[in-house]
Visitor: 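Quick one: the structure is below, questions incoming.
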Amino acid sequence: MRLAILGGGGFRVPLVHASLLADPDRLVDELVLYDVGPERLAAIGAVLDQQAAGAPWRPRIVTTTSLDEALSDVDMVFSAIRVGGLDGRSLDERVPLRHGLIGQETVGPGGVCYALRTVPVALEIAETVARRAPGAWVINFTNPAGVVTEAMSAVLGDRVVGICDSPVGLCRRVAAALDVDAERASFDYVGLNHLGWLRRVLVDGRDVLPGLFGSPALTSFEEGKLFGERWLRTLGAVPNEYLHYYYFARETLAQMHAQDSTRGEFLREQQRAFYTDAVREPESALRRWQDTRSERERSYLAEGRAVAGAGERDSCDTDGGGYEEVALRLMNAIAGNRDASLILNVRNRGAVAGLDDDAVVEVPCVVNGNGPRALAVGEVRPAELGLMLRVKGVERATIEAAVSRSRSAALFALGSHPLVDSVAAAERVLDDYVAAFPELADLAP
């Protein structure tokens, strides 16, 4: 199989490569790494070479800065691009903070701006796949994953699938807190990307999740620490970690203002040092990557843990894989026609009542050689469904603005987001984004 990774110089690529090296089936025999930055490809290439040292086998590696070349005759595509890089992410986060709003790369105004830049590029990728490799499946890592996947599905239909590691991590951590085998459990999860709830954990047909709410183990894992036992018992469900921005918006905003740098600014400086050093001293690239990754994982959602007083992230909260685990399980299920159960971002097709069939939702799916099929999740409580509908309206307006270059659609997306409490602030944010990003110039008043 020929697998292309778009964003092949990205920091997470070694995680995918390590999993391919360990694959007993050796499913991928050629790995194509595409990136717009040759120096990033060189740095990651040095890491991959050191990872493969002593391995009995590795896929053939091809690097390219040509999208057409990368996508020619591929079987599978992992799309993991970041339009604007970490400089762009830093602005996505910093601009809303100037106007008293939460600054986060996928949630709130930052997510809207990131999508406005990314959707046109994602559509170009989708059209190139349709032209150069019409039989390929696209697994979308690119954030905001739900928005980007829905935009690409207009071109690729059901052959584009969005993934996120938050739901699988949540389910794994809850299973550990319940002391049940995650492989034996079935997880009832519903939502949109970065906006979902784990509602039931079924073992032998019995829901064991209620037992967690009366247990000291409730605050033993990441989400329990973030949300606190009283709120989790009130909800009767365990939210995706990103819902902390919604449930504790005021406290999170205050914490963001108190911090010297945003998450994007921290990562920008951290990764700038890694890529520079990896190119200059390629013999130590793997060690530097490992050290950088460890620091990156420990600092994830730092402002949320500061608000909750949760301290540093535990190693058990990051063990067991992330994006690469979900992507490779999905790829193996499709390519090998092997049944798998995964929480994915796919077209709704009636899985969630109240949302139309083409709306991309994040729900449990059964996967085989025909791709994923969303499972019906049953009734969604009005409070959760209402939030999903409101955010889906923001996502749809964002896609419209990105495609039509409509300022009114962009302003609607920003002004109607649940985390934006002022249309006047939304307009100021939009003007600042337009001034900061040349590709948004046609959204000026």
Side-chain angles (χ1 to χ4, degrees), residues 82 84 86-118 143-147 164 166 191-197 222-223 225-228 231 239-268 299-310 383-384 386-388 390-395 397-398 401 410-434 436-437 440:
R82 179 174 289 282
L86 288 173
D87 285 337
R89 173 174 178 169
S90 299
L91 284 167
D92 290 338
E93 296 166 346
R94 183 58 67 183
V95 167
L97 288 171
R98 291 180 198 154
H99 301 285
L101 302 172
I102 283 177
Q104 209 280 330
E105 67 154 339
T106 66
V107 174
V112 172
C113 183
Y114 187 17
L116 288 173
R117 300 195 312 277
T118 304
N143 277 323
V147 181
C164 182
S166 287
L192 309 178
N193 180 238
H194 289 180
L195 188 94
W197 299 264
E222 177 86 344
E223 289 78 7
K225 296 171 185 175
L226 278 174
F227 295 102
W231 185 237
N240 182 294
E241 57 201 349
Y242 281 86
L243 274 161
H244 194 270
Y245 294 107
Y246 294 85
Y247 291 142
F248 297 91
R250 180 181 300 185
E251 294 81 3
T252 301
L253 178 59
Q255 178 62 34
M256 286 178 165
H257 279 302
Q259 293 176 174
D260 292 333
S261 61
T262 68
R263 172 72 171 169
E265 289 164 348
F266 164 77
L267 291 177
R268 180 180 62 189
S299 60
Y300 183 66
L301 283 179
E303 67 280 340
R305 288 197 308 282
V307 168
E384 283 85 2
L387 184 55
M388 288 172 64
R390 188 168 175 188
V391 172
K392 179 54 68 177
V394 170
E395 293 181 352
T398 302
L411 180 58
F412 181 85
L414 287 165
S416 59
H417 196 285
L419 294 178
V420 176
D421 60 359
S422 163
V423 172
E427 188 151 24
R428 291 193 295 270
V429 166
L430 179 56
D431 288 340
D432 278 5
Y433 280 142
V434 168
F437 296 104
L440 302 183

Visitor: Could you walk me through whether Q259 and Q255 satisfy the side chain to side chain contact (heavy atoms under 4.5 Å, CB included) test, starting with their C-alpha distance in whole Å, then the side-chain angles of each, then the deciding distance to 0.1 Å, before giving a yes or no?
Guide: CA-CA 6 Å; Q259 293 176 174; Q255 178 62 34; 3.4 Å; yes
Visitor: For A413 and A397, work out which heavy atoms get closest and say how close.
Guide: CB-CB, 3.9 Å
Visitor: Rounded at 0.5 Å granularity, tell me how far CG in L192 sits from CG in L387.
Guide: 8.0 Å
Visitor: State the OG-CD distance between S166 and E222, to the nearest 0.5 angstrom.
Guide: 9.5 Å
Visitor: Suppose the criterion is salt bridge (charged side-chain N to carboxylate O under 4.0 Å, His left out): which pairs have a residue in residues 107-118, not counting sequence neighbours?
Guide: D92-R117
Visitor: Mind checking what makes salt bridge (charged side-chain N to carboxylate O under 4.0 Å, His left out) contact with R428, not counting sequence neighbours?
Guide: none
Visitor: Scan for salt bridge (charged side-chain N to carboxylate O under 4.0 Å, His left out) pairs involving residues 98-110, sequence neighbours excluded, and state none if there are none.
Guide: R82-E105, R89-E105, R98-D432
Visitor: For F437, look at atom CZ and say whether over 12 heavy atoms of other residues, nucleotides or ligands are found less than 6.0 Å away.
Guide: yes
Visitor: To the nearest 0.5 Å, how far apart are CZ in R268 and CD in E265?
Guide: 5.5 Å
Visitor: Atom OG1 in T262, atom CG in L267: separation rounded to 0.5 Å?
Guide: 8.5 Å
Visitor: What pairs with L253 under side-chain contact (heavy atoms from CB on, under 4.5 Å), at least two apart in sequence or on another chain?
Guide: L97, I102, H257
Visitor: For L419 and A249, work out which heavy atoms get closest and say how close.
Guide: CD2-CB, 4.0 Å
Visitor: Could you walk me through whether T398 and V394 pass the side chain to side chain contact (heavy atoms under 4.5 Å, CB included) test, one step at a time?
Guide: CA-CA 6 Å; T398 302; V394 170; 4.1 Å; yes
Visitor: Going through the distances and angles, do L243 and L226 end up as a side chain to side chain contact (heavy atoms under 4.5 Å, CB included)?
Guide: CA-CA 10 Å; L243 274 161; L226 278 174; over 6 Å; no
Visitor: Less than 4.5 Å apart, side chain to side chain, heavy atoms only: is that true for P96 and Y433?
Guide: yes
Visitor: Among D431, L430, V429, find the one that has a side chain to side chain contact (heavy atoms under 4.5 Å, CB included) with V95.
Guide: V429
Visitor: Can you classify the ring geometry of F248 versus H244 as parallel (below 30°), tilted (30 to 60°) or perpendicular (above 60°)?
Guide: parallel
Visitor: Among residues at least two apart in sequence or on other chains, which ones pass side-chain contact (heavy atoms from CB on, under 4.5 Å) with D421?
Guide: L101
Visitor: Show me the donor-acceptor pairs within less than 3.5 Å that the side chains of residues 106-116 make with the rest of the protein, sequence neighbours left out.
Guide:
from: T106; atom 1: OG1; to: Q104; atom 2: OE1; distance (Å): 3.1
from: T106; atom 1: OG1; to: H194; atom 2: ND1; distance (Å): 2.8

Visitor: Check the pair V391, Y246 against side chain to side chain contact (heavy atoms under 4.5 Å, CB included), reporting the backbone distance first and the verdict last.
Guide: CA-CA 11 Å; V391 172; Y246 294 85; 4.0 Å; yes
Visitor: Is it true that R263 and E93 have a side-chain N and a carboxylate O under 4.0 angstrom from each other?
Guide: no
Visitor: Which pair of non-hydrogen atoms, one from A426 and one from V420, has the smallest distance, and what is that distance?
Guide: CB-CG1, 4.0 Å
Visitor: Which heavy atom of P239 sits nearest to which heavy atom of Y247, and what is that distance?
Guide: CG-CE1, 3.9 Å
